[in-house]
Trainee: 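Handing you a structure now.
Chain letters run A, B, ... following the sequence lines, proteins first, then strands; residues in each count from 1.
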Number of protein chains: 2
Amino acid sequence: MYNADEAAGAPTAIICEKIWLAIAERRLRPGTRLKEEQLAEIFSVSRARIRQALTALERDGLVTIMPNRGAFVSEPSVDEARDVFVTRRAIEQRVVERLCERATVEDIERMRSHIDEERVAGKVGDLSAIVRLSGGFHLLLAELSGSAFLFGILRDLVSRTSLITAMYRSNHLHNCGPDEHMAVVDRIAARDAAAAIREMAEHLHHVEAELDLDEEKDQPRDLRAALL
Amino acid sequence: MYNADEAAGAPTAIICEKIWLAIAERRLRPGTRLKEEQLAEIFSVSRARIRQALTALERDGLVTIMPNRGAFVSEPSVDEARDVFVTRRAIEQRVVERLCERATVEDIERMRSHIDEERVAGKVGDLSAIVRLSGGFHLLLAELSGSAFLFGILRDLVSRTSLITAMYRSNHLHNCGPDEHMAVVDRIAARDAAAAIREMAEHLHHVEAELDLDEEKDQPRDLRAALL
DNA sequence: GTACACAATATTGTCTACAATTTTGTAGTC
DNA sequence: GACTACAAAATTGTAGACAATATTGTGTAC
């Protein structure tokens with residue numbers, strides 16, 4: 001891990017990751033304004049580089065850029081949140097399906113050792129690692145599925161899931177539990193595609209179910225809707 | 001349509017679209033180098049704007065940027081091409097599925113009138129319009145499915161499909177025929193999800209089958225592989 | 001006292017100049 | 001004569017300066 005205090009002259013990818021992590025860990029709340037000059041000073045880089053980072057983050061759906069207005073941490077609506085999970089189920093079903101056909105024993109081993117890391121992070125209570133690893137498991141599966149597009153798409157979706165989780169869940173720790181991950185891996189190892197798909201779908205439903213997507217159904221997007 | 005001769009001071013989106021169309025219409029062949037200064041002069045804009053356009057096109061997979069080397073029109077491999085179709089089938093299955101549940105009569109009408117446009121373009125022989133509309137049909141379906149993510153993902157995939165079609169097919173005209181599109185819409189209108197999904201899968205298989213993805217199986221990515 | 005118009009400030013958007021890197025051409029040496 | 005090292009040209013990457021736009025604060029008129 002990089003030391004957060006030594007951020008001088010960091011390349012664009014590092015800046016993106018730092019902002020991404022800050023959002024996922026709820027240090028940057030949805031709706032927060034991200035002033036370019038301010039960020040440039042914080043990271044000790046030029047404003048041009050910050051703009052690059054912000055446009056990249058916009059592409060991942062983490063920040064929303066309003067022309068001539070500035071960049072803000074995105075505030076995904078309930079509908080958008082549900083939409084992410086709908087799409088994830090579609091993508092990850094296909095990922096698991098392919099893994100049941102193609103995964104090697106080395107692949108299975110990588111999945112298991114990843115889950116070990118998750119468990120360690122959970123015991124130690126390293127929030128930063130937990131956030132990264134829980135999403136990372138799904139990305140690892142997508143990577144091992146051998147489809148660069150499924151991987152790329154899921155990368156987007158996982159980022160958005162982190163934001164959604166940060167926004168609609170009081171506590172992030174229970175999500176993406178290593179036990180449910182292991183259940184999926186066991187089914188893949190057994191080459192039981194139907195069961196693996198079911199296990200994954202169930203897992204994603206659990207993650208979604210832990211969010212408060214029902215209560216504050218239409219949360220205000222603009223002031224008018226909020227106050228009248 | 002814009003006049004291609006009057007491109008002075010065009011915003012980034014216009015530049016992207018022009019380059020995209022040039023690639024889709026095979027005026028820019030895969031592997032072509034895209035020098036920034038040259039493009040800046042052609043479009044009568046600053047080099048900074050060209051860089052914006054190129055990074056946007058890279059995100060869509062149409063150009064490949066090699067650091068300190070420059071931007072090139074992407075050369076998707078056979079495996080990547082197949083991968084795109086695998087992913088498209090997964091995504092568009094879900095799109096059609098949702099449309100069978102949610103599509104209104106107005107939606108069906110929009111699909112049908114879009115297909116009418118395709119037929120007109122086909123009769124007139126407007127290659128530019130054919131390219132745009134054939135992909136546009138699938139995007140319209142995704143848009144009407146009500147899932148912004150399915151739409152966004154398919155947007156990417158359709159762009160890549162255009163590039164792949166331009167690369168592996170001698171004649172673009174037979175792809176995405178309006179008749180097969182109409183077959184899908186008819187099934188959606190009849191709310192027959194299973195049949196609609198089958199019709200769409202078949203259509204995508206046809207498009208893929210018309211490409212020469214078998215013959216030049218490992219086309220050279222680098223000189224070493226090409227010459228030794 | 002309120003509302004509108006105007007000005008000041010702050011922030012983003014764009015362009016131009018400079019620095020770093022890579023590629024190509026040339027000369028020198030073995 | 002061929003290979004290596006060096007230099008020059010071209011191209012990309014970066015940063016800083018300037019212009020455009022939106023927001024906020026103030027003043028004046030009704």
Side-chain angles (χ1 to χ4, degrees), chain A residues 6-19 23 28-75 220-227, chain B residues 6-19 28-75 220-224 226-227:
Chain A
E6 292 277 5
T12 308
I14 300 292
I15 293 171
C16 284
E17 195 180 318
K18 281 191 192 300
I19 295 176
I23 292 173
L28 280 176
R29 294 298 179 89
T32 304
R33 181 163 193 183
L34 302 171
K35 292 182 191 174
E36 296 181 354
E37 202 168 3
Q38 203 174 334
L39 290 171
E41 196 190 355
I42 290 170
F43 289 110
S44 305
V45 298
S46 75
R47 202 161 66 85
R49 194 174 283 261
I50 293 295
R51 284 178 73 81
Q52 285 182 3
L54 288 176
T55 54
L57 289 168
E58 187 195 26
R59 147 179 150 32
D60 290 342
L62 282 166
V63 310
T64 303
I65 295 177
M66 303 171 84
N68 289 318
R69 295 283 309 280
F72 303 82
V73 178
S74 292
E75 300 179 273
R221 303 287 294 198
D222 56 353
L223 283 178
R224 184 176 189 81
L227 301 174
Chain B
E6 292 278 6
T12 308
I14 301 292
I15 294 171
C16 283
E17 195 179 319
K18 282 190 191 302
I19 296 176
L28 280 176
R29 294 298 179 87
T32 305
R33 180 161 192 186
L34 303 171
K35 292 182 191 173
E36 295 181 352
E37 202 167 4
Q38 203 173 333
L39 290 171
E41 195 189 355
I42 290 169
F43 288 111
S44 306
V45 298
S46 74
R47 202 161 64 85
R49 195 175 284 263
I50 294 295
R51 285 180 71 80
Q52 284 182 3
L54 288 176
T55 54
L57 289 168
E58 187 196 27
R59 147 179 150 32
D60 289 343
L62 284 165
V63 309
T64 303
I65 296 177
M66 302 170 83
N68 289 318
R69 294 283 309 279
F72 302 82
V73 179
S74 293
E75 299 179 275
R221 302 287 294 197
D222 56 352
L223 284 179
R224 183 176 189 81
L227 299 173

Trainee: In whole angstrom, what separates B:Leu34's CG from D:dT11's C1'?
Mentor: 14 Å
Trainee: Can you measure B:Leu39 atom CG to D:dT11 atom C1' for me and round it to whole angstrom units?
Mentor: 13 Å
Trainee: Quickly work out the A:Ile65 CD1 to C:dT11 P distance and round it to whole Å.
Mentor: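 Rounding to the nearest Å, CD1 of A:Ile65 and P of C:dT11 are 17 Å apart.
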Trainee: Distance check, rounded to the nearest 0.5 Å: B:Arg49 atom CZ versus B:Ser44 atom OG?
Mentor: 12.0 Å
Trainee: Evaluate the criterion side-chain contact (heavy atoms from CB on, under 4.5 Å) for residue pair B:Leu54 and B:Leu39; output intermediate values, then yes/no.
Mentor: CA-CA 10 Å; B:Leu54 288 176; B:Leu39 290 171; 4.2 Å; yes
Trainee: Between D:dA15, C:dG13, C:dT22, spot the one nearest the side chain of A:Arg49, thanks.
Mentor: D:dA15
Trainee: Starting the side chain at C-beta, find the nucleotide from C:dT22, C:dT16, D:dA22 nearest to A:Asn68.
Mentor: D:dA22
Trainee: Quick check on D:dG13: is either OP1 or OP2 less than 4.0 Å from any side-chain nitrogen or oxygen of B:Arg51?
Mentor: yes
Trainee: Let me know the distance between CD of B:Glu36 and C1' of C:dC15, rounded to the nearest Å.
Mentor: 14 Å
Trainee: For B:Lys35 and D:dA9, what is the distance between atoms NZ and C1' respectively, to the nearest whole Å?
Mentor: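 Distance check: B:Lys35 NZ to D:dA9 C1' gives 12 Å.
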Trainee: Choosing from C:dT16, C:dT12, D:dG16, which nucleotide comes nearest the side chain of B:Ser46?
Mentor: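 So the nucleotide nearest the side chain must be C:dT16.
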Trainee: Under 4.0 Å between any heavy atoms, over every strand shown, what does B:Leu54 touch: base, sugar-phosphate, or nothing? Just pick one.
Mentor: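 Contact class for B:Leu54: none.
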Trainee: Are more than 12 heavy atoms, taken from residues, nucleotides or ligands other than A:Glu41, located less than 6.0 Å from that residue's CD atom?
Mentor: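 No, the 6.0 Å shell around CD holds no more than 12 heavy atoms from other groups.
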Trainee: Taking atom P of C:dT11 as reference, at what distance in whole Å does atom CD1 of A:Ile50 sit?
Mentor: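 The distance from CD1 of A:Ile50 to P of C:dT11 comes to 15 Å, rounded to the nearest Å.
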Trainee: Heavy-atom count around B:Glu37 CD within 6.0 Å, excluding the residue itself: above 12?
Mentor: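 No, the 6.0 Å shell around CD holds no more than 12 heavy atoms from other groups.
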Trainee: If you measure from NZ on A:Lys18 to CD1 on A:Ile23, what distance do you get to the nearest 0.5 Å?
Mentor: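 Rounded to the nearest 0.5 Å, the NZ-CD1 separation comes out at 14.0 Å.
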Trainee: The side chain of A:Ala48 is closest to which nucleotide in this list: D:dA15, C:dT14, D:dG13?
Mentor: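 Of all the options, the side chain of A:Ala48 is nearest to D:dA15.
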Trainee: Quickly work out the A:Glu41 CD to C:dT11 P distance and round it to whole Å.
Mentor: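 Interatomic distance, CD of A:Glu41 to P of C:dT11: 12 Å.
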Trainee: Of the nucleotides D:dT12, C:dT22, C:dT14, which one has an atom closest to the side chain of A:Arg47?
Mentor: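 Nucleotide nearest to A:Arg47's side chain: C:dT14.
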Trainee: If I take atom CD in residue A:Glu37 and atom P in nucleotide C:dT14, what distance separates them, rounded to the nearest angstrom?
Mentor: 18 Å
Trainee: For B:Ala71 and for A:Pro67, locate the closest nucleotide of DNA chain D by heavy-atom distance; then report the residue assigned to the nucleotide nearer the 5' terminus.
Mentor: B:Ala71
Trainee: Select one nucleotide: of D:dG13, C:dT22, D:dT23, the one nearest the side-chain heavy atoms of A:Arg69.
Mentor: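 Nucleotide nearest to A:Arg69's side chain: D:dT23.
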